[in-house]
Enquirer: 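The structure is given below, and queries will be raised subsequently.
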Amino acid sequence: MTRGIPDVRATEGRAPDVFSRDGWVPMRSHRDGEDVDFAIVGTGAGGGVMAAKLAEAGFSVVAFDAGPFFRPLADFASEEREQDKLYWTDERISDGRDPIELGSNNSGRAVGGSTVHFQMVALRFRPEWFLARSALGYGRDWPVDWREMWRAYDEVEDALKIAGPVRYPWGPRRGRYPYRPHEVNASGLVLARGAEALGVGWAPCPIATLSAPRGRAPPCVYRGFCKIGCSTNAKQSILNTYIPRALAAGAEVRDLAMVARIETDASGRATGLHYHRGGEWRFQQTRNVVVAGYSIETPRLLLNSAGPAHRHGLANAEGLVGRELMVHVNDAVWGTMEDEIRWYKGPPSMAVTEHWNYEDRKDFHGGYAIMSQGPLPTDFATSMVGNLGAFGMDLRRRMAGYNHMAGLKIVGEVMPDPENRVTLSDETDALGLPVPRITFGYGENDRAIGRHARGFMSEMLRAAGATDLFETTGTAHLMGGCPMGFSPQDSVVDADGRAWSCDNLWICDGSVMPTGGGVNPSLTIMANSARIGHRIRALAARGELARAA
Amino acid sequence: MTDAPRPYPGYDVLAKWDTPSWDAITREVVAHRLDRVPERRFFEPAEWETLAALCDTVLPQPDRERPIPLAPFVDAAMAEDRTTGTRWAALPTMREAWRRGLAAIDAEARAVYGRRFHALPADARESLLRAIDDEDVRAPEWRDLPPRRLFRHVLANEIVRIYYAHPDAWSEIGFGGPASPRGYVRLSANRRDAWEADLERPKRRSERRK
Ligand SMILES: Cc1cc2nc3c(=O)[nH]c(=O)nc-3n(C[C@H](O)[C@H](O)[C@H](O)COP(=O)(O)OP(=O)(O)OC[C@H]3O[C@@H](n4cnc5c(N)ncnc54)[C@H](O)[C@@H]3O)c2cc1C
Ligand code: SF4
């Protein structure tokens, strides 16, 4: 590593200008002893949106992130190993029947969170999924009306200028996407051919990268390194959309600031945050705390924040914190094409079929979306090592076919299961904080989804002309861990993201998702956070930020 | 052992070094990778012998005059405690997993062949690793080390990540390499931009065509 992780940057009244190589923007700054309106933990999909929404509503906001504040133009190399600096790489213990890969697979650590290296696929939930239990008979219902979520999707799609088709083939009619679709690359057209041969629909995938210039951000140049950070700013991550908005509206962002514990008083209300920054422990006072550290760090922080009125961890009276952790089934099928595909050109997933999300005649619950693929070399090579045990000349020969490969991969729904969970282990990390243990195992329905999808994708690929097919299995994304629901008995937070047992504690990240759906989660996390932001504003206007006893 | 693949003879991804396809930070990072091969800091000399032989078995490079350095970067990752973020519950911490893993491979070689791992010929090393991957092991060192999990997800994973992050490996597989700020315009099959190397078509393609 040469550059690695920069030092603290957002300090002394200024923050990095993410559209420049070395510039700054002014930033409002607060003292630790100042009672700010909101202290937000995490600045990713959930926390970044919330920082902007609350600052724009006129609240004083300090947003903390354990990760650094990058300027993509100067800091992001076109090199996979260097870019490991974007991930949460502290060791976390992965346990259970089907232990999941962490780190680069699902956890970012930077201002902007995991969206800094996400693949930009921007799909909405199917409306019925918000009533999965009552309308479709599985999982849980969301305590939120789907139309409210759809209005929030409109808002965040516009904020990210999602590029997508004029008419999206699945779900209720919706307006056109803010920006026109990208040209579908060769890898995406393999999916299209397979879908057409099998008689299912497909579409250019709606993605969060610009198809036309926007302010100081240029359109996508199809370099294909999106998953290790976009060095041109075409990618619309939280880092270059909601964070600049939050700063402009008066929010303070503290980079390289790891929050260790939420302090609560005898009545059980949150009073501030203990955090580590610049080599020392500090304490920020606040009237409200919003937690958005994603599905492992959010439960970890709450479990590590026991107080006089929260003996078993904050908001954990019912023992629900950390439970119902979900992932997505991320199984794939790969094959060799006669054509030279060069799947590294363009964003990795430029075509999608949501057929099996909207088709209910099938023998499993939930659904899955299939996307075209374009993994970078080490990513593809390690998946062959992990799945096939390929090594030696065999691996080198397989990799020699890289430019002729095509692949299809799913994002498949995993059922919420209370036994899949985050707990604290006996070990501690470098800051002395308990290391989290993640326990995960697939259920029968989850396996059925993987089987069905691998069979269907094999047919698609064969129909598209691929030979020498092979399958890989894996997981992607994290959801759940602090579900939102209808009562203190079934959930950690209510529909407003407010903890049932602590009225000035809010959660607005992927951990509150009661179900995972068959699509990538970030758009739903952002929409839900925007929605919660509106609710907080409305509650404040009515003088109800403190819940009536 | 089969021959090394050479689908793109004559292609050198570094030829784009001074073009708009490479930005300053990428040049800096790749130059560092090429010029500054780290010294051994973490592993003991005996461990190093096993490590070097392991790297050479996971990714043999008999075709290269100057092989891509692998062991030095594994050692550097250990010295810097550069973890991946996943500690499989069945395994110890990263550094310990490597130390004990190398010892177990060496012990397995002694148990099966009566010689240390690095002293074995290439095909014996390869079949030993296959057996380890199949969990067909004898040495007591494996008692609480799951062989496949350790081999695939820790040892081979890291070595392969180092190999395919090297420009020589990019050239080998015909990967376009760094592409910022200039990316690509032509995205359809069998098309390439003027600034993409005019690669010789892979052999298999022309063979198939006839
Ligand atoms: C490789 C990859 C590809 C992906 N591709 C897609 C995609 O194409 N489409 C899609 O919709 N989704 C995708 N995702 C998933 C998406 O990025 C995440 O679901 C989403 O970002 C999660 O949002 P979040 O706010 O819950 O957490 P994050 O975005 O991860 O943000 C959490 C932030 O909190 C910080 N934090 C955590 N704990 C603390 C603490 N105690 N103190 C201070 N800071 C803390 C972290 O540093 C981090 O920055 C992808 C993810 C990965 C890893
Ligand atoms: S393909 Fe587009 S979004 Fe992806 S890294 Fe390149 S410029 Fe950024």
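Residue numbering restarts at 1 for every chain, and letters A, B, ... go by the order of the sequence lines.
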Enquirer: Does A:D426 CG have over 12 foreign heavy atoms under 6.0 Å away?
Expert: no
Enquirer: Do the non-hydrogen side-chain atoms of A:D84 and B:R161 ever get within less than 4.5 Å of each other?
Expert: yes
Enquirer: Shorter than 4.5 Å, heavy atoms on both sides: which option in A:T89, A:L395, A:V435 has the most such pairs with chain B?
Expert: A:T89
Enquirer: Roughly how far, to the nearest 0.5 Å, is CG of A:L102 from OG1 of B:T84?
Expert: 8.5 Å
Enquirer: If I take atom CZ from residue A:F391 and atom CG from residue B:L54, how far apart are they, to the nearest 0.5 angstrom?
Expert: 9.0 Å
Enquirer: For a 4.5 angstrom cut-off between non-hydrogen side-chain atoms, does A:M393 reach B:P5?
Expert: yes
Enquirer: Could you tell me which portion of B:R149 (side chain, backbone, both or neither) has an atom closer than 4.5 angstrom to a non-hydrogen atom of chain A?
Expert: side chain
Enquirer: One pair to check against side-chain contact (heavy atoms from CB on, under 4.5 Å): B:I173 and A:N403. What are the steps and the verdict?
Expert: CA-CA 7 Å; B:I173 63 172; A:N403 283 340; over 6 Å; no
Enquirer: Over all heavy atoms of both residues, which pair between B:A77 and A:R81 is shortest? Give the atoms and the distance, please.
Expert: CB-NH2, 3.9 Å
Enquirer: For the interface with chain B, which of A:T439, A:I341, A:D95, A:I93 has the highest count of heavy-atom pairs at distances below 4.5 Å?
Expert: A:I93
Enquirer: Please determine if A:R223 and B:D23 form a salt bridge, counting it only when a charged side-chain N lies under 4.0 Å from a carboxylate O.
Expert: no
Enquirer: Out of curiosity, B:N190 CG to A:H404 NE2, how far, rounded to the nearest 0.5 Å?
Expert: 7.5 Å
Enquirer: If you tally heavy-atom pairs under 4.5 Å against chain B, which of A:D90, A:N185, A:N387, A:V385 wins?
Expert: A:V385
Enquirer: A:I296 versus chain B, heavy atoms under 4.5 Å apart: side chain, backbone, both or neither?
Expert: neither
Enquirer: Start with the C-alpha distance between B:Q61 and A:R396, add both sets of side-chain angles, then the distance that settles side-chain contact (heavy atoms from CB on, under 4.5 Å), and finish with yes or no.
Expert: CA-CA 10 Å; B:Q61 310 178 58; A:R396 281 186 64 189; 4.2 Å; yes
Enquirer: With the side chain counted from C-beta on, respond yes when A:T232 and B:S180 share a heavy-atom pair under 4.5 Å apart, and no when they do not.
Expert: yes
Enquirer: Sort A:F225 into side chain, backbone, both or neither according to what part of it lies under 4.5 angstrom from a heavy atom of chain B.
Expert: side chain
Enquirer: Can you find a heavy atom in the side chain of B:L187 that is under 4.5 Å from one in the side chain of A:Y222?
Expert: yes
Enquirer: Is it the backbone or the side chain of A:F380 that comes under 4.5 Å from a heavy atom of chain B, or both, or neither?
Expert: neither
Enquirer: Can you tell which part of A:L376 gets under 4.5 Å to a heavy atom of chain B, answering side chain, backbone, both or neither?
Expert: side chain
Enquirer: With distance as the sole test, does A:E340 use its side chain to make a donor-acceptor pair with the main-chain N or O of B:R191 at under 3.5 Å?
Expert: no
Enquirer: Between A:D339 and B:A189, is there a donor-acceptor pair closer than 3.5 Å when you use the side chain of the first and the backbone of the second?
Expert: no
Enquirer: Using non-hydrogen atoms and a 4.5 Å limit, figure out which bit of A:D379 sits close to chain B: side chain, backbone, both or neither.
Expert: neither
Enquirer: Side chain, backbone, both or neither: which part of B:N157 has a heavy atom under 4.5 Å from chain A?
Expert: both
Enquirer: Let me confirm one number: the CG-OG distance from A:L189 to B:S188, rounded to the nearest 0.5 Å.
Expert: 8.0 Å
Enquirer: To the nearest 0.5 Å, how far apart are OG1 in B:T26 and CD in A:Q83?
Expert: 8.0 Å
Enquirer: Would a 4.5 Å heavy-atom cut-off, applied to side chains only, mark A:E80 and B:Y164 as touching?
Expert: no
Enquirer: Less than 4.5 Å to any heavy atom of chain A: does that hold for the side chain of B:W170, its backbone, both, or neither?
Expert: side chain
Enquirer: Tell me, side chain or backbone of B:T83 under 4.5 Å from chain A's heavy atoms, or both, or neither?
Expert: both
Enquirer: Got a donor-acceptor contact below 3.5 angstrom from the A:Y344 side chain to the B:G176 backbone?
Expert: yes
Enquirer: Taking every heavy-atom pair that is under 4.5 Å apart, which of B:L129, B:D133, B:I159 has the most such pairs with chain A?
Expert: B:L129
Enquirer: Do the side chains of A:M399 and B:F175 get nearer than 4.5 Å, heavy atoms only?
Expert: no
Enquirer: Checking heavy atoms, do the side chain of B:L91, its backbone, both or neither come under 4.5 Å from chain A?
Expert: neither
Enquirer: With a 4.5 angstrom heavy-atom cut-off, which part of B:T93 approaches chain A: side chain, backbone, both or neither?
Expert: both
Enquirer: Looking only at non-hydrogen atoms, find the nearest pair between B:P181 and A:V221 and report the distance.
Expert: O-CG2, 3.6 Å
Enquirer: Using a 4.5 angstrom heavy-atom cutoff, name the option from B:R125, B:E158, B:R182 with the most pairs to chain A.
Expert: B:E158
Enquirer: Looking only at side chains, do B:Y184 and A:R342 share a donor and an acceptor under 3.5 Å apart?
Expert: no
Enquirer: With side-chain contact (heavy atoms from CB on, under 4.5 Å) as the criterion, how do B:E28 and A:E79 come out once you've worked through the C-alpha distance, each side chain's angles and the decisive distance to 0.1 Å?
Expert: CA-CA 11 Å; B:E28 186 183 313; A:E79 211 267 0; over 6 Å; no
Enquirer: Examine distances only and state if a side-chain atom of B:R152 and a backbone atom of A:T382 form a donor-acceptor pair shorter than 3.5 Å.
Expert: no
Enquirer: Check this for me, if you would: do A:E427 and B:R87 make a salt bridge, where the nitrogen-to-carboxylate-oxygen distance has to be below 4.0 angstrom?
Expert: yes
